[in-house]
Amino acid sequence: MADEKEKLKTQKNMRKMTKVRLKNIGLYYLKRFESSVANLRQVLRRRVYDYAHYNNDFDKQEAFGWIEELLADFERLGYIDDARYCEMKVKTYLSAGKSPRYIVIKLREKGIDENLINKIMDEQSFDPYEGALKLARKKRIGPYSATQEIRKERKSKDLAVLLRAGFDYDVVMKVLELEEV
């Protein structure tokens, strides 16, 4: 009984999905976040699926056509640009001490073309050693541990943290062998 009331309440609160509504959803999303084309497509499709779940008469295929039109318009107007998004994310991730492997994986998840990722990564200057040091400082591991005892006790865990972050074994060992900083 409670589930039926909740479903009816949700159906009543669902505003009708139209092309204008999808456009407003997309613009509101872009006002808050920078996005790639594929990511915005995914966000809008999720909204269409949610609406279609409660309205069986709704034509999802027509809405998917609206999404593609909106994405083309947004690209033409410069609201979304994969190159700009990719460059911004690469700089953010590098300044946070992320490894190139991590960056490539995250950008692929957002639907960025691999050639574009490689091109922008090649333009950036990146020292894996400095990145690993940043991460070690942030996580307080390796040379940034509180005491020598903790450092010796946690060496294998610290090694695993840096390796999982995508840094090469040689770079990780160089960081962990550093004297206290």
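Keep in mind it's a predicted model, so treat the numbers as computed, not measured. Along the sequence shown, residues carry numbers from 1.
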Could you give the side-chain donor-acceptor pairs of residues 152-172 under 3.5 Å, partners two or more places apart or in another chain?
| residue | atom | partner | partner atom | Å |
| --- | --- | --- | --- | --- |
| Asp158 | OD2 | Gly142 | N | 3.1 |
| Asp168 | OD1 | Arg101 | NH2 | 2.6 |

Without placing hydrogens or testing angles, list every side-chain donor-acceptor pair under 3.5 Å for residues 119-128, not counting sequence neighbours.
| residue | atom | partner | partner atom | Å |
| --- | --- | --- | --- | --- |
| Asp127 | OD1 | Tyr129 | N | 3.3 |

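- Remark: side-chain polar atoms of Asn118 are paired, donor with acceptor, to backbone N or O of Glu114 under 3.5 angstrom.
- Ring centroids of Phe64 and Tyr49 are separated by less than 6.0 Å, placing the two rings close together.
- Side-chain heavy atoms closer than 4.5 Å link hydrophobic residues (I, L, V, M, F, W, Y) into clusters, and following such links, even through other members, never connects Ile105 to Ile103.
- Of all heavy-atom pairs between Lys110 and Ser36, the closest is O-OG, 2.6 Å.
- No path of Ile, Leu, Val, Met, Phe, Trp and Tyr side chains, each step under 4.5 Å between heavy atoms, connects Val20 with Leu71, placing them in separate hydrophobic clusters.
- Within the 4.5 Å cutoff, the side chain of Arg45 has no heavy atoms near those of the Gln42 side chain.
- Put simply, the side chain of Arg15 does not reach to within 4.5 Å of the side chain of Tyr51, judged on heavy atoms.
- Of the possible polar contacts, none joining the Asp81 side chain to the Glu75 backbone as a donor-acceptor pair under 3.5 Å is found.
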Identify all side-chain donor-acceptor contacts of residues 84-94 below 3.5 Å with residues at least two apart in sequence or on another chain.
| residue | atom | partner | partner atom | Å |
| --- | --- | --- | --- | --- |
| Arg84 | NE | Glu34 | OE2 | 2.9 |
| Arg84 | NH1 | Gly78 | O | 3.2 |
| Arg84 | NH2 | Glu34 | OE2 | 3.0 |
| Arg84 | NH2 | Gly78 | O | 3.4 |
| Arg84 | NH2 | Tyr79 | O | 3.0 |
| Glu87 | OE2 | Lys91 | NZ | 3.3 |
| Thr92 | OG1 | Met88 | O | 2.9 |

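- Linking ILVMFWY side-chain heavy atoms closer than 4.5 Å, directly or via other members, places Tyr144 and Ile150 in two distinct hydrophobic clusters.
- Among all heavy-atom pairs drawn from Lys23 and Phe74, the shortest one is O-CZ, 3.9 Å.
- Stacking of Lys31 on the aromatic ring of Tyr28 is not recorded, the 6.0 Å distance cut-off and the 45° axial limit not both being met.
- Phe33 and Leu22 end up in the same hydrophobic cluster when Ile, Leu, Val, Met, Phe, Trp and Tyr side chains are linked at under 4.5 Å.
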